[in-house]
Protein chains: 2
Amino acid sequence: MTGVDDLTPVAQDYLKVIWSATEWGDPPITSKGLAARLHTSAAGVTDMVKRLAGQGLVDYESYRPVRLTPAGERLAVAMVRRHRLIETFLVRMLGYDWAEVHDEAEALEHAASEQLIERIDALLGHPAADPHGDPIPGADGTLRRPDAMRPGEAQGPCTVVRVSDADPAILARCRDLGIVPGATVLAAEVPAELASAVWVEPVSGRASPC
Amino acid sequence: MTGVDDLTPVAQDYLKVIWSATEWGDPPITSKGLAARLHTSAAGVTDMVKRLAGQGLVDYESYRPVRLTPAGERLAVAMVRRHRLIETFLVRMLGYDWAEVHDEAEALEHAASEQLIERIDALLGHPAADPHGDPIPGADGTLRRPDAMRPGEAQGPCTVVRVSDADPAILARCRDLGIVPGATVLAAEVPAELASAVWVEPVSGRASPC
DNA sequence: GGCCAAAGTTCAGGTACCTTAACTTTTATG
DNA sequence: CATAAAAGTTAAGGTACCTGAACTTTGGCC
Ligand SMILES: [Mn+2]
Ligand SMILES: [Mn+2]
Ligand SMILES: [Mn+2]
Ligand SMILES: [Mn+2]
């Protein structure tokens, strides 16, 4: 199990979802969560998770949440890198809207070769984050996680760091309100129903006194 | 069976290979030919061809070559369009060499959405041919087949129309010799071992008397 | 026209992934 | 802490694709 393309597309998606579940502080994912995100049945999840455990990619005990092994995590991060680079490419080079890019990347990530991914990365100038503000892991697996908070936990002017790409409708609304990574907003002005999808960082110290 | 993404990737490849076999005047493909091109066993081909026949995409009689039905041809041409647009995109936008582009396109063609294909087509300015000179079918299935001949059948200065992309080594040699679509060569100067991979068109009338 | 090699098919069986239905374990809660 | 709902697993079975081995058909050749 040396590289990501020794895996089936389904296995690639499982690892990616298991990894992503904990990226922003949530607990390890359960069978139910996997079934929901992968649009499959709970029975199918049990089946597949056992296969992944057999390959040494996840640690699994019956009736317990799934966790990645170091080997599984390495491959999961490689898939996340692929996904986010492809999303960035589609938005920057092909005019995709950030709300529609996810599904396309979800399919392409399994078909792109390592070579294509590295060419895209170079062409884009090694971007640090995808269109939603999610950090893009390096080719070596390194990942710089921004320490961001929810608008409810912050005060005053904040830089938008990330908007969850889980719901295209929320992305469209945020785009219309100018709530996009890099933009400055007042924490209190983020609508309540969007707040749980938005991560911000208070504008630092006395640097930007506008 | 309305669109190409109602098919499995394997079915997509079968249709594309069956169609491509006859593109340059060769007879309908046999089981052996399909097995060779698709890197699978003869038994697997029989199995799959029956499935395609069951879906009304091919006409099939035991021990006879396979032919596409009109429905199958429509979908095959759509796949050829995808493949060739992706090849063109990879060469023009991502710096791929024409000898390495085929395998990448072979995978991406199954993952790209119709929307992505049309965006690529527009971004490239609706190219008429792929990097090897193979004509790109229109979104409506129309295809203009250039009437070209082999170097052995021509005389004097010719425009290179197409180089078969079946063998990357031949592509690399042709590239080094300047035998690329659009270039002018003397028919007699195309090396014998490359001639069967090259299609040319005599430079017309007295137009280019150099 | 019969024979034989090549081509093609059938058969038995395997893997990955998926489903529904029945069953078990966990957990929440009164 | 008993119990019911929720979560999770097991079991049985299905589809797509694939393989090797045994068998059948085809087509070229003397
Ligand atoms: Mn995916
Ligand atoms: Mn994203
Ligand atoms: Mn393909
Ligand atoms: Mn080509």
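Every chain is numbered from 1 and lettered A, B, ... according to where its sequence line falls, protein lines coming before strand lines.
- Applying the side chain to side chain donor-acceptor pair (under 3.5 Å) test to pairs two or more places apart or on separate chains, those with a residue in residues 166-178 of chain A are A:Asp97-A:Arg175, A:Arg173-A:Glu193.
- The stretch residues 34-52 of chain B participates, sequence neighbours left out, in no side chain to side chain donor-acceptor pair (under 3.5 Å) pair at all.
- Residue pairs that meet the salt bridge (Lys or Arg N to Asp or Glu O under 4.0 Å) test with at least one member in residues 145-155 of chain A, sequence neighbours left out, do not exist here.
- Rounding to the nearest 0.5 Å places CE of B:Met79 at 13.0 Å from CZ of B:Arg74.
- With sequence neighbours left out, the side-chain contact (heavy atoms from CB on, under 4.5 Å) criterion links A:Leu123 to A:Phe89, A:Met93, B:Leu94.
- If you measure from atom CG of B:Asp13 to atom C1' of D:dC18, you get 15 Å, rounded to the nearest angstrom.
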*Letter per nucleotide, 5' to 3', of nucleotides 15-21 of chain C [B base touched, S only sugar-phosphate touched, - untouched; heavy atoms, 4.0 Å]*: -SBBBBB

Filtered N/O pairs between nucleotides 26-29 of chain C and protein, under 3.5 Å:
none

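- In this view, B:Asp26 satisfies the side chain to side chain donor-acceptor pair (under 3.5 Å) rule with no residue, not counting sequence neighbours.
- Within a heavy-atom distance below 4.0 Å of DNA chain C, no residue of residues 105-112 of chain A is found.
- Here B:Arg67 pairs with B:Pro28 under the side-chain contact (heavy atoms from CB on, under 4.5 Å) rule; sequence neighbours left out.
- By the ring pair (Phe, Tyr, Trp, His ring centres under 6.0 Å) test, A:His102 pairs with A:His83, sequence neighbours left out.
- With sequence neighbours left out, B:Ala128 forms a side-chain contact (heavy atoms from CB on, under 4.5 Å) with no residue at all.
- Applying the salt bridge (charged side-chain N to carboxylate O under 4.0 Å, His left out) rule to B:Asp165 yields no partners; only residues at least two apart in sequence or on another chain are considered.
- As a whole-Å value, the separation of B:Lys32 NZ from D:dG27 P is 15 Å.
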